[in-house]
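Data first, discussion second: the structure below is written as structure tokens.
Values below: every heavy atom of this structure, side chains too, minus hydrogens, waters and symmetry copies. Just so you know, residue 1 is the first one in the sequence shown, and it goes up from there.
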Amino acid sequence: MNKVPVARSIGFAYRFTFGQFGTIIGLIWLPVLLTTLLGYFVMNGYAAAFAQAVAEDNPGAAGQAGLLLIGYSILALFFYSMIYVAVSRQALGLREGGAVVHLELGPAAWRMFGALLALTIMLAFFYVLLLLVGLGIVAASQSMGSARQPVAIFGLAVFFIGFCAFLFVAVRLAFLLAPVVVAEGRVSLSRGWALTRGNFWRLLTILLATLLPLLLIFGGAELLIFGPQYFAANAHPTLAQRVAHLQQMNRGLPLLYGLSFVMSPFLSGLGLGASACAYRALRSDAEPA
């Protein structure tokens with residue numbers, strides 16, 4: 001069973017990111033900018049449409065506002081496909097030299113888009129199923145009387161096991177997706193799954209060492225921008241609270257999107273650099289020349 005080289009993958013991710021930082025910026029800044037600007041205007045439009053739908057008590061209009069977000073998400077996924085292809089090529093050594101501006105529109109980007117879309121649909125289905133099971137157990141526990149507590153504990157245990165399964169599947173399927181699509185020229189979720197067999201904890205360690213610091217920075221920034229009461233007050237929001245939630249969020253979006261834009265080269269370089277290094281090691285072990 002081939003093992004992912006943890007220390008080497010982490011080291012390569014940081015060397016690649018900071019050693020080729022200017023190139024990474026050149027490769028990604030245009031699709032990131034397009035995604036950021038589009039996201040800002042879509043979120044403002046969604047907030048306005050949702051607020052109007054609530055004010056008019058029009059569930060259909062609220063659903064139409066939600067379709068706006070779905071459309072943006074699909075388009076953003078294609079922009080991210082461009083980023084994944086360009087940076088993965090650089091990390092895998094399939095591309096050399098610097099970059100000032102880059103926009104990938106070829107077959108590789110479409111293959112990456114198909115792979116990311118398939119992965120997103122699969123994980124979304126898994127997540128919704130997990131959520132429905134959890135909500136069903138909670139609802140059942142409300143009518144159990146004296147047995148409510150044991151049923152609630154059982155439900156929590158089931159949800160925790162389901163979440164662990166979701167995390168396991170997500171990491172195994174997603175970690176090598178970009179290098180597989182770029183290096184092998186095919187859309188395959190099973191290929192990354194096969195290569196990473198027996199490596200879940202190694203993959204998780206790499207992700208924690210490369211991406212967790214950036215996610216903590218971003219989470220801390222959200223807390224500073226919106227304040228802790230923003231998150232506490234919206235744990236179980238009513239429709240009116242959701243409208244207020246969206247309006248408050250939109251006021252902080254320029255700062256949040258600005259920070260996301262600045263952090264994107266680090267996220268791309270570290271995440272895709274680590275996956276490229278792990279892929280090269282696993283493939284060379286599995287398929288010696």
Side-chain angles (χ1 to χ4, degrees), residues 4-5 8-36 38-39 75-120 170-171 173-189 191-192 195-196 203 206-207 209-215 217-218 257 259-283:
V4 173
R8 194 196 329 165
S9 298
I10 295 170
F12 177 82
Y14 280 95
R15 288 194 304 274
F16 171 67
T17 301
F18 292 99
Q20 301 195 47
F21 192 68
T23 300
I24 294 172
I25 291 175
L27 291 172
I28 74 169
W29 73 263
L30 183 54
V32 170
L33 179 64
L34 293 173
T35 305
T36 302
L38 184 63
L75 188 56
L77 203 63
F78 183 69
F79 285 130
Y80 279 111
S81 301
M82 299 180 187
I83 294 169
Y84 285 16
V85 168
V87 177
S88 293
R89 279 180 179 156
Q90 194 77 20
L92 289 166
L94 301 176
R95 181 190 184 282
E96 296 180 353
V100 176
V101 63
H102 185 84
L103 202 64
E104 176 69 45
L105 294 171
W110 287 104
R111 283 194 293 268
M112 183 64 70
F113 173 71
L116 288 175
L117 186 60
L119 177 66
T120 300
V171 170
L173 288 178
F175 193 85
L176 294 184
L177 185 64
V180 164
V181 172
V182 171
E184 302 183 13
R186 57 173 169 163
V187 177
S188 175
L189 299 181
R191 174 64 168 159
L195 284 173
T196 57
L203 301 181
I206 293 170
L207 289 173
T210 53
L211 299 183
L212 183 60
L214 297 176
L215 296 178
I217 291 172
F218 195 81
Y257 277 162
L259 178 63
S260 177
F261 185 82
V262 170
M263 290 178 62
S264 57
F266 299 99
L267 284 166
S268 301
L270 290 170
L272 296 171
S275 66
C277 182
Y279 171 78
R280 284 200 306 264
L282 289 173
R283 188 175 182 184

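In this structure, CG on L267 lies 5.0 Å from CG on L214, to the nearest 0.5 angstrom. In this structure, I25 CD1 and F266 CZ are separated by 7.5 Å, a value rounded to the nearest 0.5 Å. We find the CG-SG distance between L282 and C277 to be 9.5 Å, quoted to the nearest 0.5 Å. Note that CD1 of I206 and CG of L211 are 10.5 Å apart. Values are rounded to the nearest 0.5 Å. Here I83 contributes atom CD1 and L272 contributes atom CG; the two are 9.0 Å apart, rounded to the nearest 0.5 Å. Distance CZ/F79 to CG/L30: 8.0 Å, rounded to 0.5 Å.
No donor-acceptor pair under 3.5 Å is formed between the side chain of T17 and the backbone N or O of Y14. Within the 3.5 Å criterion, the main-chain N or O of F261 finds a donor-acceptor partner in the side chain of S264. Remark: side-chain polar atoms of Q20 are not paired, donor with acceptor, to backbone N or O of G97 under 3.5 angstrom. Listed for the W29 side chain is a donor-acceptor partner under 3.5 Å among the backbone atoms of V100.
The shortest non-hydrogen separation linking P5 to S9 is O-OG, 2.8 Å. Of all heavy-atom pairs spanning V182 and S88, the tightest one is CG2-CB, 3.9 Å. Nearest heavy atoms, A91 versus R280: O-NH1, 2.7 Å. Shown here for A13 and L270, the closest heavy-atom pair between the two residues is CB-O, 3.5 Å. Closest approach of L103 and P31 over heavy atoms only: CD1-CD, 4.1 Å. G273 approaches F12 most closely through the heavy-atom pair O-CD2, 3.2 Å.
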Evaluate side-chain contact (heavy atoms from CB on, under 4.5 Å) for L176 paired with R191, printing each intermediate quantity in order. CA-CA 8 Å; L176 294 184; R191 174 64 168 159; over 6 Å; no
Applying side-chain contact (heavy atoms from CB on, under 4.5 Å) to L177 and L189, what does each step give before you reach the verdict? CA-CA 7 Å; L177 185 64; L189 299 181; 3.5 Å; yes
CA sep, side-chain torsions, deciding dist, call: R89, L27, side-chain contact (heavy atoms from CB on, under 4.5 Å): CA-CA 11 Å; R89 279 180 179 156; L27 291 172; over 6 Å; no
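Residues M112 and E104 are not in side-chain contact: their nearest non-hydrogen atoms beyond the backbone lie 4.5 Å or more apart. The shortest distance between side-chain heavy atoms of F175 and Y279 does not fall below 4.5 Å. A 4.5 Å side-chain heavy-atom check between P179 and L92 finds at least one atom pair inside the cut-off.
For Y80, the OH atom sits in a loose shell: 12 or fewer heavy atoms of surrounding residues, nucleotides or ligands are nearer than 6.0 Å. No more than 12 heavy atoms of other residues, nucleotides or ligands sit less than 6.0 Å from atom CZ of R8.
Between F78 and F113, the ring planes are perpendicular. Angles over 60° get that label, and only those under 30° would be called parallel.
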